[in-house]
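Structure first, commentary second.
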2 protein chains.
Amino acid sequence: MSASAQKHDVFQAIADPTRRDILKLLAEKELSILEITGHFPMSRTAIAKHLHILSEAKLVNGRKIGREKRFRIQPDSLDELKQWLSYFEQFWHNKLSILKHIVENQNEKD
Amino acid sequence: MSASAQKHDVFQAIADPTRRDILKLLAEKELSILEITGHFPMSRTAIAKHLHILSEAKLVNGRKIGREKRFRIQPDSLDELKQWLSYFEQFWHNKLSILKHIVENQNEKD
DNA sequence: TTGACACGAAACCAAAAGGTGTTATATATT
DNA sequence: AATATATAACACCTTTTGGTTTCGTGTCAA
């Protein structure tokens, strides 16, 4: 077993809507577990678990400050998702506009 | 219950590695259930379930041809994922522009 | 030092996910 | 018409997920 025996990857991490909401929260600013919990109708423990999963997926990281643990977003891993997406992007762009590629040769604008 | 009582969304659909592999297969060409099953170490029934979930998420669609059901990719829904991603993109581009060496490694060969 | 506070860890639970096999039904082939 | 085939529809099993509660520990403040 390699050292990267990672139980949760990015895809699983973002599968849960609560975790996606947590990410949105942390995108704005660093927050403690209790502060995050305040935004959701569930227990602190549940949120802590979600944060653990997000942490495993390298989407957030937490540092202890006093008796608090403050989490912030670490969006690097989303790049893996982006690359995965880009693989399919060519397909839906190509397929949806077979004629279009004649017109716009390489308009990498959007 | 509204008509859009959709059990699986895109995020859940792509959370499973088997389903991501199925998407890659279908990206290349349309395939029947049996053909898809041939690529995986599991039963046809299991694959059919995965296809059902992918279908719910509007990532694939199947049409009956004779006694076969052939599935093809329907990548429109990935756009939702792309939009979700783009929200965070600004963060990691702004915040982590210093760590650009990661991005610069991007050799889109495979 | 005492007590409130923020957190971690563990035990537990219900429901969903992911798989199996069997049976039924419609379609092709002969 | 008979048979083989591709899939759908079930029933079932096991593991994972997402939540709970309880208890213990370190930290801050009075």
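Chain naming here is simple, since letters A, B, ... match the order of the sequence lines and numbering starts at 1 in each. Side chains included, hydrogens not; waters and symmetry mates left out as well; all remaining heavy atoms used.
The two residues Ser86(A) and Gln83(A) make their nearest non-hydrogen contact at OG-O, 2.7 Å. Counting all heavy atoms, side chain and backbone alike, Ala57(B) lies closest to Ser77(B) at O-OG, 3.2 Å. Of all non-hydrogen atoms in Leu59(A) and Ala13(A), the two that sit nearest each other are CD1-CB, 3.8 Å.
With rounding to the nearest 0.5 Å, the separation of CD in Glu30(A) from CD1 in Ile65(A) is 5.5 Å.
In this structure, CG of Leu31(A) is placed 14 Å from P of dA6(C), rounded to the nearest angstrom. Rounded to whole Å, the distance from CZ on Phe71(B) to C1' on dA8(D) is 11 Å. Rounded to whole angstrom, the span from the CD atom of Glu68(B) across to the C1' atom of dT29(C) amounts to 14 Å. If you measure from atom NZ of Lys69(B) to atom C1' of dT27(C), you get 15 Å, rounded to the nearest angstrom. As rounded to whole Å, 15 Å separates atom C1' of dG18(C) from atom CG of Asp21(B). Distance NE2 (His52(B)) to C1' (dG19(C)): 16 Å, rounded to an integer number of Å. Atom NZ in Lys64(B) sits about 12 Å away from atom C1' in dA28(C), given to the nearest Å. For the pair Arg63(B) CZ and dA6(D) P, the interatomic distance rounds to 17 Å; values are reported in whole Å.
In the hydrophobic cluster analysis, where Ile, Leu, Val, Met, Phe, Trp and Tyr join through side-chain heavy atoms closer than 4.5 angstrom, Ile22(A) is grouped together with Leu85(B).
DNA chain C is contacted by both Leu34(A) and Ile65(B); Leu34(A) maps to the nucleotide lying nearer its 5′ end (nearest heavy atom per residue).
Here dA8(D) is the nucleotide among dA8(D), dA4(D), dG26(D) with the atom lying nearest to any side-chain atom of Ile33(B).
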Side chains of residues 44-54 of chain A: which donor-acceptor pairs under 3.5 Å do they make with residues two or more places apart or in other chains?
residue	atom	partner	partner atom	Å
His50(A)	ND1	Arg19(A)	NH1	3.0

Whether each nucleotide of nucleotides 11-23 of chain D has a protein heavy atom under 4.0 Å at its base (B), only at its sugar-phosphate (S) or at neither (-) is summarised, 5' to 3', as ------SSBBB--

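A donor and an acceptor atom never sit less than 3.5 Å apart when one is taken from the side chain of Arg67(B) and the other from the base of dT7(D).
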- Message: Under the criterion side chain to side chain contact (heavy atoms under 4.5 Å, CB included), I'd like the reasoning laid out for Leu25(B) against His39(B): C-alpha separation, chi angles, the key distance, then a yes or no.
- Response: CA-CA 9 Å; Leu25(B) 278 180; His39(B) 290 80; 3.6 Å; yes

